Amino acid sequence: MSAIESREEVLLDSLLPRYRAEGFTVIVHPTSSFLPPFMGKYRPDAVALSPSKKIAIEIKRNPGSSKNMKGIPELFAQHPDWELKVYYLSGLSQERSLRAPARQWIELAIEEVSELKNSGHVTAAMTTAWSALEAVGRALLPEKLARPQPAERLVEVLASEGLITPTEADSLRRAAELRNSVAHGELGSAVSPENVDELLASLRLLLGLLPKGQTSEG
């Protein structure tokens with residue numbers, strides 16, 4: 001996957017929680033069986049579906065890269081039950097690549113998560129644990145996770161690389177929902193010690209995959 005394709009996937013993944021929070025079912029890279037006949041050979045990057053509204057989501061590098069979509073907006077104009085939304089990478093700030101952290105810093109972060117949980121600060125423990133999860137993921141997959149990661153994409157990458165089991169992935173997806181709620185100001189979200197313990201278990205398993213002497217890159 002090229003750097004541009006990677007950024008397109010990151011942007012797409014960053015949009016998904018918002019649509020899901022609004023009640024949409026989101027299908028990424030849909031096959032023709034999920035698309036209406038009027039789209040013909042056109043395949044959007046994702047579709048968001050609800051009983052009252054259907055949205056085709058397209059990710060483009062910049063407005064100039066939309067030339068291969070000639071005639072597509074006109075198709076949607078004839079079908080008011082569908083909406084086409086195009087998002088451009090050119091409107092994003094350029095995120096810098098992040099170095100893979102040394103194992104010792106991940107170990108310290110995990111200790112801090114345990115201390116926060118044991119002292120009753122479970123919300124702070126959750127946010128710190130998620131930071132540690134992204135750090136250990138980047139240490140294990142420095143090229144795939146070089147840039148800041150939306151919570152959902154982080155889980156999917158770890159799962160697709162076989163670093164976590166389907167059961168662990170489901171647990172992390174639930175944790176990601178809680179983490180996103182807290183991170184975006186829903187301070188009343190019910191984070192429990194058990195939520196933190198599940199995340200800690202995944203963190204320790206992933207940490208065990210790192211070499212004992214692993215140090216940061218560069």
Side-chain angles (χ1 to χ4, degrees), residues 1 6-30 45-50 55 57 59 87 92 95 98 100-101 105-106 109-110 112-114 116-117 121-210:
M1 181 182 291
S6 178
R7 290 186 67 220
E8 288 174 350
E9 288 298 312
V10 169
L11 173 56
L12 178 60
D13 290 343
S14 72
L15 298 171
L16 303 187
R18 187 186 76 185
Y19 282 104
R20 288 173 176 148
E22 292 176 0
F24 287 94
T25 297
V26 182
I27 302 166
V28 177
H29 304 305
D45 291 307
V47 290
L49 309 173
S50 77
I55 299 171
I57 301 168
I59 308 295
Y87 298 86
L92 299 178
E95 294 173 324
L98 301 174
W105 298 116
I106 300 170
I110 291 174
E112 182 179 351
V113 172
S114 294
L116 285 167
K117 187 207 75 170
H121 298 98
V122 290
T123 300
M126 172 65 75
T127 55
T128 303
W130 203 268
S131 175
L133 183 70
E134 184 167 345
V136 73
R138 185 166 295 117
L140 290 164
L141 301 168
E143 293 185 3
K144 285 185 175 291
L145 301 177
R147 297 184 182 277
Q149 297 296 311
E152 289 191 350
R153 182 174 189 272
L154 176 61
V155 176
E156 299 313 317
V157 171
L158 293 173
S160 66
E161 293 294 321
L163 297 176
I164 54 176
T165 67
T167 299
E168 290 163 351
D170 286 339
S171 174
L172 287 177
R173 289 185 188 103
R174 292 190 295 271
E177 291 180 4
L178 276 173
R179 176 265 175 199
N180 287 342
S181 296
V182 170
H184 295 294
E186 293 186 23
L187 300 180
S189 299
V191 179
S192 70
E194 290 73 24
N195 297 141
V196 178
D197 284 337
E198 288 182 359
L199 193 44
L200 276 170
S202 294
L203 274 169
R204 287 168 177 144
L205 285 171
L206 289 168
L207 181 68
L209 300 178
L210 281 176

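Note that the structure is a prediction, hence the values are computed from the model and not measured. What you see below is based on every heavy atom in this structure, not just the backbone, and it leaves out hydrogens, waters and symmetry mates.
- Taking each heavy atom of Ser50 and Gly23 in turn, the nearest pair found is CB-O, 4.3 Å.
- At a threshold of 4.5 Å between non-hydrogen side-chain atoms, the residues Arg153 and Leu145 count as touching.
- Taking each heavy atom of Val196 and Met126 in turn, the nearest pair found is CG2-N, 4.3 Å.
- Under the side chain to side chain contact (heavy atoms under 4.5 Å, CB included) criterion, Glu112 pairs with Leu116, Thr128, not counting sequence neighbours.
- Between the CG atom in Leu158 and the CG atom in Leu140 there is a gap of 7.5 Å [rounded to 0.5 Å].
- For Ala129, the side chain to side chain contact (heavy atoms under 4.5 Å, CB included) partners at least two apart in sequence or on another chain are Val113, Leu199, Leu203.
- Listed by chain and residue number, Val155, Glu156, Ala169, Asp170 satisfy the side chain to side chain contact (heavy atoms under 4.5 Å, CB included) test with Arg173 (two or more places apart in sequence, or in another chain).
- Looking at Leu200 and Arg204, their side chains come closer than 4.5 Å, going by heavy atoms from C-beta outward.
- Residues meeting the side-chain hydrogen bond (donor to acceptor under 3.5 Å, both in side chains) test with Thr127, sequence neighbours left out: none.
- Between the CG atom of Leu207 and the CD1 atom of Ile106 there is a distance of 6.5 Å, given to the nearest 0.5 Å.
- Residues meeting the side-chain hydrogen bond (donor to acceptor under 3.5 Å, both in side chains) test with Ser192, sequence neighbours left out: Glu194, Asn195.
- Of all the heavy atoms in Pro142 and Ala100, the pair that sits closest is CB-CB, 4.4 Å.
- When side chains are defined from C-beta on, Leu205 does not count as touching Leu209, because their heavy atoms never get closer than 4.5 Å.
- Contact annotation: the side chain of Leu172 approaches that of Leu133 to within less than 4.5 Å [non-hydrogen atoms, C-beta and beyond].
- For Glu152, the salt bridge (Lys or Arg N to Asp or Glu O under 4.0 Å) test picks out Arg20, with sequence neighbours left out.
- Among residue pairs with one or both ends in residues 129-138, those qualifying as side chain to side chain donor-acceptor pair (under 3.5 Å) are Glu134-Arg138; sequence neighbours excluded.
- Listed by chain and residue number, Ile27, Val47, Lys54, Trp82 satisfy the side chain to side chain contact (heavy atoms under 4.5 Å, CB included) test with Leu49 (two or more places apart in sequence, or in another chain).
- Listed by first then second residue, pairs satisfying ring-ring contact (aromatic ring centres under 6.0 Å, His included) with a partner in residues 8-27 read Tyr19-Phe24, not counting sequence neighbours.
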